[in-house]
Amino acid sequence: MKKILPPKFFQKPASAVARGLLGKIIVRKSGRKIYKIMIIETEAYLGEKDLASHARFGRTKRNAVMFGEGGCWYVYFVYGMHWLLNAVTENKNYPSAVLVRSGVLLGKNRRIINGPARITKILKINGRITGKPISKKSGLWIEDWGVKISRIKKSPRIGVEYAGVWSKKLLRFTLQERVI
DNA sequence: ACGATGATGAAC
DNA sequence: TTCATCATCGTA
């Protein structure tokens with residue numbers, strides 16, 4: 001049974017969504033091609049108080065979508081060349097999100113895709129999808145195939161050394177099963 | 001270990 | 001308007 005995750009799935013605290021997304025399948029329809037990636041690594045960003053989050057600046061042009069209802073995509077550009085894919089979580093005016101860091105590309109070329117910028121490259125995602133709903137309508141959605149999760153590793157988030165105590169919090173979640 | 005490469009937010 | 005910084009990656 002394959003179920004599309006509904007908006008409600010995302011309208012919870014980001015750390016719960018980040019764990020819940022492990023083993024779920026991102027489906028991307030681009031032209032007549034379909035790409036599927038099973039999520040195996042995520043990071044949670046917890047709101048304006050989280051000094052590692054873009055939300056720490058308050059509402060800005062870039063991060064405005066994080067302040068909306070959970071269940072939309074937040075895609076942004078970093079380091080002059082990379083797009084990063086996030087799912088907005090929680091409810092309106094609570095700017096939290098989950099970054100998709102790694103996954104398993106399914107199909108003939110099954111392999112592990114490590115790193116958030118590689119995920120967006122494979123799925124042909126850029127800033128045009130930011131603010132759109134996580135549903136078939138936007139051509140990018142997430143399915144639950146009932147994959148069983150037995151062990152999740154927690155570790156500090158990557159690339160946020162500047163964030164003081166927030167850089168040490170265990171908000172990075174990695175699926176520990178053998179997956180390939 | 002480091003450079004590529006450009007948007008972003010803050011300071012002036 | 002200028003400046004340092006950045007939720008990274010490929011090459012070394």
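Lettering follows sequence order; numbering is per chain, from 1. The structure presented is a predicted model; accordingly, all values stated were derived computationally and were not measured.
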Quiz: residues 3-21 of chain A side-chain donor-acceptor pairs under 3.5 angstrom, not counting sequence neighbours:
residue: A:Gln11; atom: NE2; partner: A:Gly70; partner atom: O; Å: 3.0
residue: A:Lys12; atom: NZ; partner: A:Phe9; partner atom: O; Å: 3.4

With heavy atoms of chain A within less than 4.0 Å as the criterion, where does contact along DNA chain C begin and end?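 First-to-last contact on DNA chain C, by the 4.0 Å heavy-atom rule, is C:dC6 to C:dG10.
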For A:Ala44 and A:Phe173, which heavy atoms make the closest approach, and how far apart are they?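 Shortest heavy-atom separation between A:Ala44 and A:Phe173 comes out as CB-CE1, 4.3 Å.
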Would the distance check show the side chain of [X] and the main-chain N or O of [Y] forming a donor-acceptor pair, the cut-off being under 3.5 Å?
X	Y	value
A:Glu177	A:Ser150	yes
A:Ser138	A:Pro133	yes
A:Lys49	A:Leu46	yes
A:Tyr35	A:Leu106	no
A:Asp144	A:Lys2	no

Can you pull out the residues from residues 153-163 of chain A that lie within a 4.0 Å heavy-atom distance of DNA chain B?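 Output list: empty, so none.
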Pairing of A:Glu48 and A:Arg56 as salt bridge, 4.0 angstrom limit: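 Salt bridge between A:Glu48 and A:Arg56, a charged N being under 4.0 Å from a carboxylate O: no.
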For nucleotides 3-12 of chain B, give me one character per nucleotide, 5' to 3': B if any protein heavy atom sits under 4.0 Å from the base, S if the only such contacts are to the sugar-phosphate, - if neither. -BBBSSSS--
Please give the distance between the P atoms of B:dG3 and C:dA4 as a whole number of Å.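 Between the two P atoms, the distance is 16 Å.
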Has A:Arg157 got its NZ or CZ under 6.0 Å from the middle of the six-membered ring of A:Tyr45, at an angle within 45 degrees of the ring axis?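 Judged by the rule (NZ or CZ under 6.0 Å from the ring centre, within 45° of its axis), A:Arg157 counts as positioned above A:Tyr45.
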Is the cationic atom of A:Lys132 (NZ for Lys, CZ for Arg) positioned less than 6.0 Å from the six-membered ring centroid of A:Trp73 and within 45 degrees of its normal?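 A:Lys132 over A:Trp73 ring: no.
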Just jot down the side chain to side chain donor-acceptor pair (under 3.5 Å) partners of A:Lys33, sequence neighbours excluded, or say none.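 Counting only residues at least two positions away or on another chain, A:Lys33 forms no side chain to side chain donor-acceptor pair (under 3.5 Å).
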When all nucleic acid strands are considered with a 4.0 Å heavy-atom cut-off, which category describes A:Ala117: base, sugar-phosphate, or nothing?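 Contact class for A:Ala117: sugar-phosphate only.
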At under 4.0 Å between heavy atoms, what does A:Leu84 touch on the DNA or RNA strands: base, sugar-phosphate, or nothing?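 Sugar-phosphate, backbone atoms only, no base.
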Do A:Val98 and A:Val104 land in one hydrophobic cluster if side-chain heavy atoms of ILVMFWY residues count as linked below 4.5 Å?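 In one cluster: yes.
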On the 0 to 90° scale, with breaks at 30° and 60°, tag the A:Tyr74-A:His54 ring pair as parallel, tilted or perpendicular.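 The arrangement is perpendicular - the two ring planes meet at more than 60°.
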Can you tell me which stems DNA chain B forms, taking runs of 3 or more consecutive Watson-Crick or G-U pairs with both distances under 3.5 Å?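 The stems are B:1-4 with C:8-11, B:6-11 with C:1-6.
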